[in-house]
Chemist: 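Pasting a structure below so you can have a look.
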Number of protein chains: 2
Amino acid sequence: MTMGYRFLKKLTTVDDAIVLTSKKLSIRLGIEYVNFDESLGRVLAEDIVSDFDEPLVDKSAFEGYAIRGADTLSASQYSPVKLKVIGEVRIGESPIMKGTQGKAVKIATGAALPDGFDTVVPVEYVKVLDDEIELSKSFPIGDNIIKRGEDFKKGQIMMRKGKIIDPFDISMLAQLRKLKVKVLEKLRIAIIPTGNELIEPSELGDVYKTVNTNSYALSAFCKEPWMEPHRLKIVKDDLENLTKAIKSSIENHHALIITGGTSVGELDLVPEAVQRAGKVDLMIRGIGIQPGRPTGVSLVNGKPVFMLSGFPVACITGFIAIVRPLLYKMVNALEPPRPVVKAILESKVSSGLGVAKYVRVKVRRIGKKLFAEPIRVMGSSALSSLTEANGFLIVPPESEGFDGNSEVEVFLYNPIQE
Amino acid sequence: MTMGYRFLKKLTTVDDAIVLTSKKLSIRLGIEYVNFDESLGRVLAEDIVSDFDEPLVDKSAFEGYAIRGADTLSASQYSPVKLKVIGEVRIGESPIMKGTQGKAVKIATGAALPDGFDTVVPVEYVKVLDDEIELSKSFPIGDNIIKRGEDFKKGQIMMRKGKIIDPFDISMLAQLRKLKVKVLEKLRIAIIPTGNELIEPSELGDVYKTVNTNSYALSAFCKEPWMEPHRLKIVKDDLENLTKAIKSSIENHHALIITGGTSVGELDLVPEAVQRAGKVDLMIRGIGIQPGRPTGVSLVNGKPVFMLSGFPVACITGFIAIVRPLLYKMVNALEPPRPVVKAILESKVSSGLGVAKYVRVKVRRIGKKLFAEPIRVMGSSALSSLTEANGFLIVPPESEGFDGNSEVEVFLYNPIQE
């Protein structure tokens, strides 16, 4: 909502902006090998294939007794079968037992089935006598056994390229004994705040100055293990300096986020500087989000340059709607699922056709129901609306809003206070 | 599901286990001061209060012209008012203008209102002549102004103690110029794997050995900025060694997670060792989750000691159901919202009364609907069930399960493949 956005002739939809940009991306990220226990949150750059069967031997699924199924064929309530207990197998022990016919071996859950035995009888079906057990029903051969390779088999693909490694995967990598994992190098993202009015939070300035909050927010959003955000210095509204800053930062980074100066007013030099900074394959100016209409995306030398509003809330919604999905596309990974809840809207929300409106709402629980209160503020700079809210209600471009008392979906970013 | 869990007389419910433990916790965490831009994900240990009004001066909410509302009182379509444009104010500029009656000043969105002006007319209501503007309706005084302090006021509490700092908060801290923030020291968590059968992923061992995956999984789950997990060495099933390990690690940590040896069989020395390691205020053994029934919680010298199953899936469900909620309680923070989706269950799922069953399901989208397929595996060690699935269907303790084709809620931990 800086000067002149309304003179941008036509807004590109969020979906179109993402598709158009991702089609023309031509980034090749490097590869790194990291220790599996340091790979959390990195993007897997290889399919992970198992080198062995798991389990490596047949194991007992229950606590009970290993037997030969054939020995129980005639067992019934009226004519129980007695088997002699000749030993015990615990987890991790090597089971060497001699003579198996008519014999049983006490066995722990997960312990390896001793040679010559083929079946397990869970302890609750067993009557324990002195050194014998009594069974009053028959057990089919193979009952209650975890067969070799039942969890996974040698040669099986266990994890796919492009997976963002989570704690379950770490656990699986340990199991597979993959001590080193091939991952994508970190996505280096430059963040450049622009504007003559900006000062850093630590700087003194008169009351007319604006504190740079955007690059701190964006850098925080990019603190994922697979990204490496770099906050660069504030650049003044000066074409030459801007062009230089964009040129040099695009050389050393995979993506660039510029905040401020992105609409059509006289001080909006950013798109001009982007044009001069390299080979421009795409220039989208004006995207259908509110706040954030002046948001733009360009591709310079194949790398995305995101132009976000300088107004804090518009900057953040631009990041969430456009930048973040494209960063995931740059590494060919799926975005993690985000929490969505249904809530009853406390008051009417209006929106213009053709824009996705990000309404900050505070969701609270009253009884068993959730209610969403729109946080009303003027302008797109009021950060308090984001910290007071705990979710976004997104009004889609084809809707003019929602009535009070209607049920809406809210993207929750913070917990619901009880 | 190790030996003997069924002899545990009564299972404590998950909710009771959490309430009983959190009631008796008596941990005092230390305080640290960190730079605001390094505070992401830490637990705020102070209320954050604003030192000033924001904005510090009245600002324009729109691009347009600053005027005196009184000058437009008589304006109408038939008798428009003309005002002379005497200058321009951009963002960050100091507005010194002389003489305001009958005058207008061009103004940018977010720019400070010049002295003597009290109203803004958005550009779309303005007919621009040479050095004049023409208004054909009246504007009430104060229209389209963001008043000083409208975002927040001096003395206002902006963030509360116990908040886990997110990117919105970082942005707000920048805005408030809080360069240093008081946060809780990191929660130090010791993780001790136990069992004679265990070897590390890097160690050679015979086919009967079990690779330690649990402490890697748990450590990955605890890699939050406010936690500091420490993986300790594998401890053999030996009462003296176990007691020593528990004693020493509890001295240097706020919480302790032990995996393996937690049920009632002969090799289950962990609870005995815990009893000997200090002053025990609580000992819960057997919790109503499946897999994970042998899970236990104890308080030793006021610190929680979590006893999780050695079986990988049971260990992880025990962590998710019991440990994680209690870690959040230890720092007095709310757990972040987790993504939940509704899906149609592809086949029947059965569960025993009195236990919360964690069923691993794979959710996929077919057309516009989501379907959840239960991953069938034997035993509670099959990690592949977790990496193949992308969510948990939790059957509550009061339910015996769900029929095929019923609609269920799934906690998604990985994206839905399209």
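Proteins come first, then strands; the chains are lettered A, B, ... in the order of their sequence lines, and each starts at number 1.
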Chemist: Which atoms form the tightest heavy-atom contact between B:Leu412 and A:Pro337, and what is the distance?
Modeler: CD1-CB, 3.8 Å
Chemist: What residue, out of B:Ser171, B:Gly64, B:Ala111, has the most heavy-atom pairs lying under 4.5 Å from chain A?
Modeler: B:Ser171
Chemist: Between B:Asn212 and chain A, with a heavy-atom cut-off of 4.5 Å, which part of the residue counts as in contact: side chain, backbone, both or neither?
Modeler: backbone
Chemist: Where does B:Asp166 contact chain A at under 4.5 Å (heavy atoms): side chain, backbone, both or neither?
Modeler: side chain
Chemist: Which atoms of A:Glu335 are under 4.5 Å from chain B, going by heavy atoms: the side chain, the backbone, both sets, or neither?
Modeler: backbone
Chemist: Select one option (side chain, backbone, both, neither) describing which atoms of B:Glu203 are under 4.5 Å from chain A's heavy atoms.
Modeler: backbone
Chemist: Would you mind checking which part of B:Ile316 comes under 4.5 Å of any heavy atom in chain A, side chain (CB onward), backbone (N, CA, C, O), both or neither?
Modeler: side chain
Chemist: Any side-chain heavy atom of B:Asp37 within less than 4.5 Å of one from A:Arg231?
Modeler: yes
Chemist: Of the listed residues (B:Asn390, B:Val207, B:Leu176), which shares the most heavy-atom pairs with chain A below a 4.5 Å separation?
Modeler: B:Val207
Chemist: So for atom NZ, which belongs to B:Lys223, do other residues, nucleotides or ligands contribute more than 12 heavy atoms lying within a distance under 6.0 Å?
Modeler: yes
Chemist: With only heavy atoms counted, which part of B:Pro336 is less than 4.5 Å from chain A, the side chain, the backbone, both or neither?
Modeler: backbone
Chemist: Distance from B:Ser384 atom OG to A:Gln175 atom CD, nearest 0.5 Å?
Modeler: 9.0 Å
Chemist: Please enumerate all residues that pass salt bridge (charged side-chain N to carboxylate O under 4.0 Å, His left out) together with A:Arg177, with sequence neighbours excluded.
Modeler: none
Chemist: Under a 4.5 Å heavy-atom cut-off, does chain A meet the side chain of B:Phe36, its backbone, both or neither?
Modeler: side chain
Chemist: Taking the inter-plane angle between the rings of B:Phe168 and A:Phe392 on a 0 to 90° scale, is it parallel (under 30°), tilted (30 to 60°) or perpendicular (over 60°)?
Modeler: perpendicular
Chemist: Between A:Asn414 and chain B, with a heavy-atom cut-off of 4.5 Å, which part of the residue counts as in contact: side chain, backbone, both or neither?
Modeler: both
Chemist: Non-hydrogen atoms of chain B under 4.5 Å away: do they reach the side chain of A:Leu40, the backbone, both or neither?
Modeler: side chain
Chemist: Can you tell which part of A:Thr210 gets under 4.5 Å to a heavy atom of chain B, answering side chain, backbone, both or neither?
Modeler: side chain
Chemist: Ignoring hydrogens, what is the shortest heavy-atom contact between A:Leu334 and B:Ile416? Give both atom names and the distance.
Modeler: CD1-O, 4.2 Å
Chemist: Would you say the side chain of B:Arg338 lies within less than 4.5 Å of the side chain of A:Pro339, judging by non-hydrogen atoms?
Modeler: no
Chemist: If I measure from the heavy atoms of chain A, does B:Lys163 come under 4.5 Å with its side chain, its backbone, both, or neither?
Modeler: side chain
Chemist: Taking only residues two or more places apart in sequence or in another chain, which ones pass salt bridge (charged side-chain N to carboxylate O under 4.0 Å, His left out) with B:Lys209?
Modeler: none
Chemist: Which pair of heavy atoms, one from B:Ile170 and one from A:Tyr216, lies closest together, and at what distance?
Modeler: CG2-O, 3.7 Å
Chemist: Is it true that atom CZ of B:Phe411 has more than 12 heavy atoms of other residues, nucleotides or ligands lying nearer than 6.0 Å?
Modeler: no
Chemist: How close do A:Gly110 and B:Phe311 get, heavy atom to heavy atom, and via which atoms?
Modeler: CA-CE2, 4.3 Å
Chemist: Only pairs of heavy atoms separated by less than 4.5 Å count here; which of A:Val340, A:Asn214, A:Val211, A:Leu218 has the most with chain B?
Modeler: A:Val211
Chemist: Answer with side chain, backbone, both or neither: which region of B:Glu388 has an atom nearer than 4.5 Å to a non-hydrogen atom of chain A?
Modeler: neither
Chemist: If I compare all heavy atoms of A:Asp151 with all of B:Leu383, which pair ends up nearest, and what's the gap?
Modeler: OD2-N, 3.3 Å
Chemist: Pick from A:Pro201, A:Ser219, A:Ala333, A:Ala217: which one has the most heavy-atom pairs with chain B under 4.5 Å?
Modeler: A:Pro201
Chemist: Between chain A and each of B:Pro167, B:Gly41, B:Ala220, count heavy-atom pairs under 4.5 Å; write down the option with the most.
Modeler: B:Pro167
Chemist: Among A:Thr387, A:Asp206, A:Leu198, single out the residue with the greatest number of heavy-atom pairs under 4.5 Å to chain B.
Modeler: A:Thr387
